[in-house]
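Every number for a ligand or one of its atoms is a count from 1 in the order of the listing. All residue numbers refer to positions in the sequence shown, counting from 1.
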Amino acid sequence: MQKAGILGGGQLGRMLLQEAANYPVETYVLENDPDCPAAHLCHHFIKGDIRNFDDVYNFGKDLDVITIEIESVNVDALEKLAAEGRRVIPTPAALRIIKNKVSQKAFYTEHSIPTAAYRVVQSMNELQKHIGDWLPAVQKIGEGGYDGRGVQVIMSVDDAAKGFDSESVLEKKVAISKEIAVIVAVAEGGDTALYPPVEMIFDPYLNLLNFQIAPADVQQNMLWRIQAVARTVAKQLSSPGIFAVEMFISKEGELYVNETAPRVHNSGHHTIEANYSSQYDMLWRILLNYPLGNPASVESSSLVNLLGEPGHTGEVKYEGLEEVLKMENVFVHLYGKKQTKPGRKMGHVTIMSKDKQDLVHKAQQIRHALKVVAH
Ligand code: ADP
């Protein structure tokens, strides 16, 4: 039986492991927190730091295949493991490009992949110098920021004072009409499968996705563009794996790549119920060298993220769960996190329906009915 390791034990690892039960595979997780969402679902939990060279190397050296559920891992150790014959998916080279937003943007430019115009700044000093003729802008920390924490919108010269004092990308702010994400699956031999794009709606305050519809409502010619761009990103990364390509459609109808994640992704949670082969099932097929599955949509869906309520920190409690479980074609996923805090991702709910109004209506109902609070 193949031995497969996952770096990181969050909810993505948890959902990946839920799917692993269907395959002949022995699973390993490396993570600092023994109480993490994935810990009790793997065969072997190894406590350690995914950012530490020795921890990652020692974890991977006797495994057949290693993957990630978060980008902030030690890539040097993965490189050594790959050089020694371990299969590392995504490749360390692809991971290195994506991990840093500066190299990620350079990659898009190099391969003529449309992306928002940008400059690179190294410090607050440089930010102040370069912001004047570049407004409004969005500053993104090169490495280390995620879930909106490394992103700052700068509308005016005065705003620059709240910017980051570190290497970062300074993008022109795009007037966004729609945010789209496409998940691409790439097998070891290059076979590629595209999931139908999803449409995302963000909470402007928390900067977190809170509502999603799949498949996205876009015109046929825009759909072709989206698919072509997603394929190009995956092809140029030259790596097997699952890639989530996030894009914007601007008010002028231009398409831009925002960023790519080289792993299973939030925007693909709905695929568990709403697509023939989920992103998690698909990743196992890739990791274990089986044929790709069918990414097509079974039914339209909407998805609500369950975030920790503002003002609630402590031991988690779910209010309104029964009411939501009574609803038809509604699927609740709780991530098993013991502690909640404002804005923390605690679970999600997928809603399936042929009727778009029903999808939107139920999503709103669930947002109001189901609350993640502290005891
Ligand atoms: P994270 O890696 O933290 O998810 P993103 O780069 O995806 O950060 O940015 C978070 C959100 O900020 C995006 O989903 C989008 O709503 C907004 N955003 C990012 N870049 C731009 C841009 N150039 N113009 C307008 N809005 C942007």
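Those atoms of ligand 1 that come under 4.0 Å of a heavy atom in K173, given as number and element, are 24 (N), 25 (C). Less than 4.0 angstrom separates some heavy atom of E179 from each of these atoms of ligand 1: 13 (C), 14 (O), 15 (C), 16 (O). Atoms of ligand 1 lying under 4.0 Å from any heavy atom of I176, numbered from 1 in the order shown and given with element: 25 (C), 26 (N). Ligand-side atoms of ligand 1 in range of E246: 7 (O), range being under 4.0 angstrom from any heavy atom. Close contacts of ligand 1 with E171, meaning ligand atoms under 4.0 Å from a residue heavy atom, involve 20 (N), 21 (C), 22 (C), 23 (N).
Looking at K338 and E315, no side-chain N of the basic residue comes within less than 4.0 Å of a carboxylate O on the acidic one, giving no salt bridge. Note on D76 versus R96: salt bridge recorded, some NZ/NE/NH1/NH2 to OD/OE distance being below 4.0 Å. Ion pairing of K61 with E84 is absent here, as no side-chain N (NZ or NE/NH1/NH2) approaches a carboxylate O to less than 4.0 Å. Using a 4.0 Å cut-off between a side-chain N of Lys or Arg and a carboxylate O of Asp or Glu, D33 and K337 do not qualify as a salt bridge.
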Starting from the C-alpha separation in whole Å, work towards a yes-or-no answer on side chain to side chain donor-acceptor pair (under 3.5 Å) for N74 and K80. CA-CA 11 Å; N74 191 295; K80 185 167 159 69; over 6 Å; no
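Assignment of Y256 to the shell around ligand 1 is not supported, since no heavy atom sits closer than 4.0 Å.
Between F243 and H265, the closest side-chain pair of non-hydrogen atoms is not below 4.5 Å.
Of all the listed residues (K140, M200, Q104), K140 holds the heavy atom that lies closest to atom 19 (C) of ligand 1.
Contacts of V174 with ligand 1, taken as heavy-atom pairs under 4.0 Å, involve both backbone and side chain.
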